[in-house]
*Asks:* 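Quick one: the structure is below, and I'll ask about it shortly.
Every chain is numbered from 1 and lettered A, B, ... according to where its sequence line falls, protein lines coming before strand lines.
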Amino acid sequence: MPVHNADIARVFEDIADLLEISEANPFRVRAYRNAARTIGDVRLDLAAAIGSGKEIPKLPGIGADLDAKIHEIASTGTCALLEKLKKQLPPAITELLKIPGLGPKRVKALHEALDIDTLPQLLEAARKGKIRDLPGFGAKTEAHIVEAVQARLGQAKRFKLAVAAQYAQPLAAYLRGAKGAREVVIAGSYRRMKETVGDIDILVTAAAGAPVMERFVKYPEVREVLSKGDTRASVLLTCGLQVDLRAVPPESFGAALHYFTGSKAHNIAIRRLAQDRGLKLNEYGVFKGETRVAGETEESVFASVDLPWISPELREDRGEIEAARRGELPRLVERGDLRGDLHLHTKASDGRSSLREMALAAKARGLDYIAVTEHSQRETQAHGLDSARLLKQLGEIDRLNAELKGITILKGTEVDILEDGSLDFPDSVLAKLDVVVAAVHARFNLPRAQQTARILKALDNPYVSILAHPSGRLIDEREPYEVDMQAVIRRAKARGIALELNAHPDRLDLDDIAARMAKEEGARVAINSDAHSVHDFENLAFGVGQARRGWLEARDVLNARPLAEVRKLLARAEPAAPRRRRARE
DNA sequence: GCCGTTTTCGGCCCGACTGTTTTCAGTCG
């Protein structure tokens, strides 16, 4: 079984959880958590690198001990420390930490006093009233535990960004009507354009917070008020989404916005910089002693630690602070940079709008060109086109191009990559097209080596121009298939093929990490809507958000280029590289 | 467990709210 970075990260998370319950040095616990996060973010496949005898680069927060443990996990899948901890504490106990209100101290107390190690045991004890009498617990805590465990066993999950937006925006508009409210901003992971959000953080500036909190908890969609003070309140909406509201005075706006935008890791890193300069940074401002020296704007907060303003999408402590210090922040791609859209469908396959409607909608949204890329014949459930229907569509495109002004329709297909890596249309058909988007739509469960070989073979087809949704994942629904993404990206780069960043909120594939890998490998990315109706062009904004999280600039994005240039790049398909005999030279 | 132009030892981000307390620990973000 290959060990992925996520597996190593999970071992470290488990160690951190178990150490925490054992009341180990909290800074040691933090070291494991930081390492887990770093490894989860790193783009190099650590186990693969170690397996091939390569040195792994120095990673921040990982010293000699953790480096040795990474090697141990890479070769064995686990590590002796974790196994030792599991003998001292039942591993399932870490589940209890996920119950809101339960931290390491209480979990330890429950384990020692009542022998509770699992969520069902916890629920049973709480229902029987056994918990209220423990020191530090009470009847209210017990009731909360019952609810929280039931919620967790039932659903409790993160919300896709696009879904969260549908609830958050009307709520923010409602709060703008609160007495004394000035700025109302949705901050948190929403502002960082994370693909899913666990909750919504809203920041309000007001001279007095109380009236805003009053209005907040009266919002018609509030199912439950979780907490409420004068400056802070949390509610659960009927849809299950938690919303945290904070109110600060107007002069604290920038500091609070920075604070509540996060990420936590970014904030900690920035605060440390402030500390180095003898400053204290909190949500109310930047302070030298008792004196506020900055905080009205985010720019002033960054300036106080000698940095330029950093875009929210970059604030993950993944190197943005170092890049800012060196003056090497990327000029992130913006929605307005997109000149075209190279993947969309019409009624001819499984779309809901006509080609004419799609073309006019794209034009109305500021695009100069689109590629119509219907499904190929294999996709029968999507009414995929066979060669005859595809060729017939080409005539319709010619007629529309002659008629419509200000928008150009390129001829394309979203052709299936079959199990053996061949394509669902013969080259003779593909040769007639401007854009060939190749996609895996079936056999997601092939072994990693086979899946990788399948996709690499498809990339060697001289007509392929874009690899669609390269990981195949559907957020919260389907895991990505097993594939060597770095090998795929490198082959795409070598062949002049763009990797799609599919902007559909359910996909956002490439994800941020893979998008950044593509950039670093020098491969081009196409931010495509995969629109199935005229409304789906709006999804491009989510794709751009993910691209920005991946540090992409306009120059990295194929469809940020003018049509003439894109045509040149698409035509310049190079012959497949001769297959190398050996892995190493 | 990590880290270092003040340090190889002694630090490690900071504040609000809740519940169980009777002044604060625990948890959360």
*Asks:* Indicate yes or no for a side-chain donor-acceptor contact from A/Arg473 to the backbone of A/Arg507 under 3.5 Å, with no hydrogens or angles considered.
*Replies:* yes
*Asks:* Is B/dG29 paired to anything, Watson-Crick or G-U wobble with both distances less than 3.5 Å, and if yes, which nucleotide?
*Replies:*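 When the pairing criteria are applied, B/dC14 turns out to be the nucleotide that pairs with B/dG29.
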*Asks:* Donor-acceptor check, side chain of A/Lys58 to backbone of A/Ile62, threshold 3.5 angstrom: yes or no?
*Replies:* yes
*Asks:* Using a 4.0 Å heavy-atom cut-off, does A/Lys108 contact any base of the nucleic acid, only the sugar-phosphate backbone, or nothing at all?
*Replies:*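 No contact at all - A/Lys108 keeps every heavy atom at 4.0 Å or more from the nucleic acid.
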*Asks:* Using atom P of each nucleotide, how far apart are B/dT6 and B/dC2 to the nearest Å?
*Replies:*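 Approximately 23 Å lies between the P atom of B/dT6 and that of B/dC2.
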*Asks:* Between the base of B/dG29 and the side chain of A/Tyr259, is one N or O donor paired with an acceptor at under 3.5 angstrom?
*Replies:* yes
*Asks:* A/Leu102 near the nucleic acid: base, sugar-phosphate alone, or nothing, with a heavy-atom cut-off under 4.0 Å?
*Replies:* sugar-phosphate
*Asks:* Give me the atom names and distance for the closest heavy-atom approach of A/Leu510 to A/Val525.
*Replies:*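 The pair with the smallest heavy-atom distance is CD1-CG2, 4.1 Å.
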*Asks:* For B/dG11 and B/dT7, measure between their P atoms and round to the nearest Å.
*Replies:*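 Straight-line distance between the two P atoms is 14 Å.
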*Asks:* Heavy atoms under 4.0 Å, any strand shown: does A/Ser234 hit a base, just sugar-phosphate, or nothing?
*Replies:* nothing
*Asks:* How is A/Ala64 classified with respect to the nucleic acid when contacts are heavy atoms under 4.0 Å: base, sugar-phosphate, or nothing?
*Replies:*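 Since only primed, P, OP1 and OP2 atoms lie under 4.0 Å of A/Ala64, the category is sugar-phosphate.
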*Asks:* Looking at A/Asp506 and A/Lys160, does any basic side-chain N land under 4.0 Å from a carboxylate oxygen?
*Replies:*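 Here A/Asp506 pairs with A/Lys160 in a salt bridge, since their nearest N and O are under 4.0 Å apart.
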*Asks:* Using whole Å, report how far CZ of A/Phe287 lies from C1' of B/dG15.
*Replies:* 12 Å
*Asks:* In whole angstrom, give the distance that lies between atom CZ of A/Arg246 and atom C1' of B/dC14.
*Replies:* 11 Å
*Asks:* So that I can tick it off, tell me whether A/Glu195 and A/Arg549 are bridged by a salt bridge, with the cut-off set at under 4.0 angstrom between side-chain N and carboxylate O.
*Replies:*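 Looking at A/Glu195 together with A/Arg549, the answer is no, because their closest N to O distance does not fall below 4.0 Å.
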*Asks:* Please list residues of residues 305-328 of chain A whose heavy atoms come under 4.0 Å from any atom in DNA chain B, ordered by number; otherwise none.
*Replies:*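 Going residue by residue through residues 305-328 of chain A, none turns out to have a heavy atom under 4.0 Å of DNA chain B.
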*Asks:* Considering only the P atoms, how many Å lie between B/dG10 and B/dA16, rounded to the nearest integer?
*Replies:* 32 Å
*Asks:* Rounding to an integer number of angstrom, what distance separates B/dT23 and B/dG29 when you compare their P atoms?
*Replies:* 29 Å
*Asks:* Treating primed atoms plus P, OP1 and OP2 as sugar-phosphate and everything else as base, which nucleotides of nucleotides 7-12 of chain B get B, S or - for protein heavy atoms under 4.0 Å?
*Replies:* -----B
*Asks:* Is it the case that the side chains of A/His266 and A/Glu316 hold a donor-acceptor pair, with the cut-off being a distance below 3.5 Å and no angle test?
*Replies:*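 The answer is no; no qualifying pair exists.
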*Asks:* Run the salt-bridge test on A/Glu298 and A/Arg315 with the 4.0 Å N-O cut-off and return the result as yes or no.
*Replies:* yes
*Asks:* Does the side chain of A/Asp509 come within less than 4.5 Å of A/Leu501's, by heavy atoms?
*Replies:*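 With C-beta onward as the side chain, the pair stays apart.
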*Asks:* Would the distance check show the side chain of A/Arg192 and the main-chain N or O of A/Glu313 forming a donor-acceptor pair, the cut-off being under 3.5 Å?
*Replies:* no
*Asks:* Answer with base, sugar-phosphate or nothing: what part of the nucleic acid does A/Pro104 contact at a heavy-atom distance below 4.0 Å?
*Replies:* sugar-phosphate
*Asks:* Write down the distance between CZ (A/Phe260) and C1' (B/dG29), rounded to a whole number of angstrom.
*Replies:*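 To the nearest whole Å, that distance equals 8 Å.
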*Asks:* Nearest nucleotide by nearest heavy atom, which residue falls closer to the 5' end of DNA chain B, A/Asp201 or A/Tyr284?
*Replies:*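 Looking at the nearest nucleotide for each, A/Tyr284 comes out on the 5' side.
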*Asks:* Would A/Arg33 count as a cation-pi partner of A/Phe12, with NZ or CZ less than 6.0 Å from the six-membered ring centre and within 45° of the ring normal?
*Replies:*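 No, A/Arg33 does not lie over the aromatic ring of A/Phe12.
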*Asks:* Specify the separation, in whole Å, of atom CZ of A/Arg277 and atom C1' of B/dT6.
*Replies:*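 After rounding, the reported distance stands at 15 Å.
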*Asks:* If the threshold is 4.0 Å, N to carboxylate O, is there a salt bridge linking A/Glu322 and A/Arg326?
*Replies:*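 No, this pair does not count.
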*Asks:* Taking DNA chain B as the partner, which of residues 134-147 of chain A come within under 4.0 angstrom of it by heavy atom?
*Replies:* A/Gly136, A/Phe137, A/Gly138, A/Ala139, A/Lys140, A/Thr141, A/His144
*Asks:* Can you check the distance between B/dC28 and B/dT22, where both ends of the measurement are the P atom (answer in whole Å)?
*Replies:* 23 Å
*Asks:* What parts of residues 12-22 of chain A reach DNA chain B, counting only heavy atoms under 4.0 Å away?
*Replies:*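 Correct list: empty, so none.
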*Asks:* Roughly how many Å is it from CG in A/Asp244 to C1' in B/dT18, rounded to a whole number?
*Replies:* 14 Å
*Asks:* From CG of A/Leu226 over to P of B/dC28, roughly how many Å is that when rounded to an integer?
*Replies:* 12 Å
*Asks:* Among the nucleotides B/dC17, B/dG26, B/dG29, which one has an atom lying closest to any side-chain atom of A/Thr231?
*Replies:* B/dC17
*Asks:* Provide the distance between the two C1' atoms, one in B/dG26 and one in B/dT21, to the nearest whole Å.
*Replies:* 12 Å
*Asks:* Can you tell which of B/dT18, B/dT27, B/dC2 lies closest to the side chain of A/Ser227?
*Replies:*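 The answer is B/dT18.
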*Asks:* Between A/Asp317 and A/Arg37, does at least one N-O distance fall below 4.0 Å, as a salt bridge requires?
*Replies:* yes
*Asks:* A/Ala181 and A/Val204: which non-hydrogen atoms are nearest, and at how many Å?
*Replies:* CB-CG1, 3.9 Å
*Asks:* Taking the six-membered ring for Trp and the single ring otherwise, decide whether the centroids of A/His504 and A/Phe542 are under 6.0 Å apart.
*Replies:* no
*Asks:* Quick one: label A/Asp230 by what it contacts on the DNA or RNA (base, sugar-phosphate, nothing), any heavy atom closer than 4.0 Å.
*Replies:* sugar-phosphate
*Asks:* Any donor and acceptor pair, going by atom type alone, linking the side chain of A/Gln121 with main-chain N or O of A/Asp117 inside 3.5 Å?
*Replies:* yes
*Asks:* Please check: side-chain N/O of A/Arg246 versus main-chain N/O of A/Thr205, any donor-acceptor pairing under 3.5 Å?
*Replies:* no
*Asks:* Separation of A/Lys264 atom NZ from B/dC28 atom C1', in whole Å?
*Replies:*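 Going from A/Lys264 (NZ) to B/dC28 (C1'), I get 8 Å.
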*Asks:* Using the P atom as the reference point in each nucleotide, state the distance between B/dT27 and B/dT20 in Å, no decimals.
*Replies:*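 About 13 Å, rounded to a whole number of Å.
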*Asks:* If I take atom CZ in residue A/Arg232 and atom P in nucleotide B/dA16, what distance separates them, rounded to the nearest angstrom?
*Replies:*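 It works out to 9 Å between those atoms.
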*Asks:* Check this for me: does any side-chain nitrogen of one of A/Glu142 and A/Arg132 sit under 4.0 Å from a carboxylate oxygen of the other?
*Replies:*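 Salt bridge between A/Glu142 and A/Arg132, a charged N being under 4.0 Å from a carboxylate O: yes.
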*Asks:* Not counting sequence neighbours, list each pair that qualifies as a side-chain hydrogen bond (donor to acceptor under 3.5 Å, both in side chains) and has a residue in residues 92-104 of chain A.
*Replies:* none
*Asks:* For A/Arg10, is there an ion pair with A/Asp14 - N to carboxylate O distance below 4.0 angstrom?
*Replies:* no
*Asks:* For the side chain of A/Lys280, starting at C-beta, report the closest nucleotide among B/dC2, B/dC17, B/dC14.
*Replies:*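 The nucleotide sitting nearest to the side chain is B/dC14.
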*Asks:* Which nucleotide sits closest to the side chain of A/Lys105: B/dT18, B/dG29, B/dT27?
*Replies:*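 Minimum distance to the A/Lys105 side chain belongs to B/dT27.
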*Asks:* Taking DNA chain B as the partner, which of residues 79-101 of chain A come within under 4.0 angstrom of it by heavy atom?
*Replies:*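 Heavy-atom contacts with DNA chain B come from A/Ile99, A/Pro100, A/Gly101.
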